[in-house]
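Following: one structure in structure tokens, then a few remarks.
Please read these numbers as outputs of a predicted model, since none were measured by experiment.
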Amino acid sequence: MAIKERLSETSEELKKYPKWLVDKYYKIVREKAIQRVQKELKLRQKNTEDFDDNELEALIAEEEKEVMKSHKMGSMQALLILLGINIFK
């Protein structure tokens, strides 16, 4: 599945919620993605000055997708736990 299709799916899923809530969610995801990118750059002993704005934006965008994916999996795991289904033996 292409990246554009995934983003459109996510945005379609979020349309059922109030705009202020969706904006807040995207802000939290973005902040978490920025923190992860900064941590990764520290581990690789790089600075943000080593990259131009487009490269940093691409890194953050990829990390945002990962954060959203982890939120989706976390909520699914919580639902399975509530239902008493254990798939992680």
Side-chain angles (χ1 to χ4, degrees):
M1 185 177 293
I3 294 172
K4 272 188 169 179
E5 291 173 10
R6 284 188 180 178
L7 288 175
S8 65
E9 279 182 16
T10 303
S11 63
E12 288 295 321
E13 292 172 5
L14 293 174
K15 280 186 180 179
K16 60 185 173 184
Y17 299 106
K19 182 174 177 11
W20 65 269
L21 187 62
V22 173
D23 291 341
K24 188 173 183 178
Y25 173 71
Y26 280 134
K27 183 179 177 183
I28 291 170
V29 167
R30 180 124 182 124
E31 289 171 0
K32 191 167 212 162
I34 290 170
Q35 289 173 354
R36 285 186 177 185
V37 167
Q38 287 174 342
K39 184 178 178 183
E40 183 68 28
L41 291 178
K42 275 187 182 179
L43 288 174
R44 295 176 186 251
Q45 298 177 351
K46 301 261 185 183
N47 289 328
T48 55
E49 292 84 28
D50 296 341
F51 301 95
D52 65 3
D53 289 341
N54 292 332
E55 291 173 332
L56 280 176
E57 190 61 38
L59 290 172
I60 292 171
E62 284 296 318
E63 202 58 43
E64 283 177 344
K65 291 176 206 155
E66 292 298 318
V67 170
M68 285 191 225
K69 190 187 313 181
S70 70
H71 286 168
K72 190 179 259 187
M73 286 303 296
S75 60
M76 186 168 313
Q77 288 173 353
L79 179 63
L80 290 175
I81 289 170
L82 284 174
L83 294 174
I85 302 171
N86 185 10
I87 61 170
F88 306 103
K89 293 182 180 180

Residue pairs passing the ring-ring contact (aromatic ring centres under 6.0 Å, His included) test where at least one lies in residues 54-79, sequence neighbours excluded: Tyr25-His71
Scan residues 31-68 for pairs that pass ring-ring contact (aromatic ring centres under 6.0 Å, His included), counting only residues two or more places apart or in two chains. none
Can you name the residues that form a side-chain contact (heavy atoms from CB on, under 4.5 Å) with Asn54, not counting sequence neighbours? Asp52
Residues two or more places apart in sequence or in another chain: which of them pass side-chain contact (heavy atoms from CB on, under 4.5 Å) with Asp53? none
Tell me, please, which residues at least two apart from [X] pass salt bridge (charged side-chain N to carboxylate O under 4.0 Å, His left out).
| X | value |
| --- | --- |
| Glu31 | none |
| Lys27 | none |
| Glu66 | Lys69 |

Enumerate, atom names and distances included, each donor-acceptor pair closer than 3.5 Å involving a side-chain atom of residues 33-42, sequence neighbours excluded.
from  : atom 1 : to    : atom 2 : distance (Å)
Arg36 : NH1    : Glu63 : OE2    : 3.3
Glu40 : OE2    : Arg44 : NE     : 2.7
Glu40 : OE2    : Arg44 : NH2    : 3.1

Members other than Ile28 in its cluster, when Ile, Leu, Val, Met, Phe, Trp, Tyr link by side-chain heavy atoms under 4.5 Å? none
Co-members of Leu43 in a cluster of I, L, V, M, F, W and Y side chains, linked at under 4.5 Å: none
Shared ILVMFWY cluster between Ile60 and Met68, side chains joined below 4.5 angstrom? no
side-chain hydrogen bond (donor to acceptor under 3.5 Å, both in side chains) filter on Asp23, not counting sequence neighbours, yields Lys19
Considering residues at least two apart in sequence or located in another chain, which fulfil the side-chain hydrogen bond (donor to acceptor under 3.5 Å, both in side chains) criterion with Glu57? Arg30
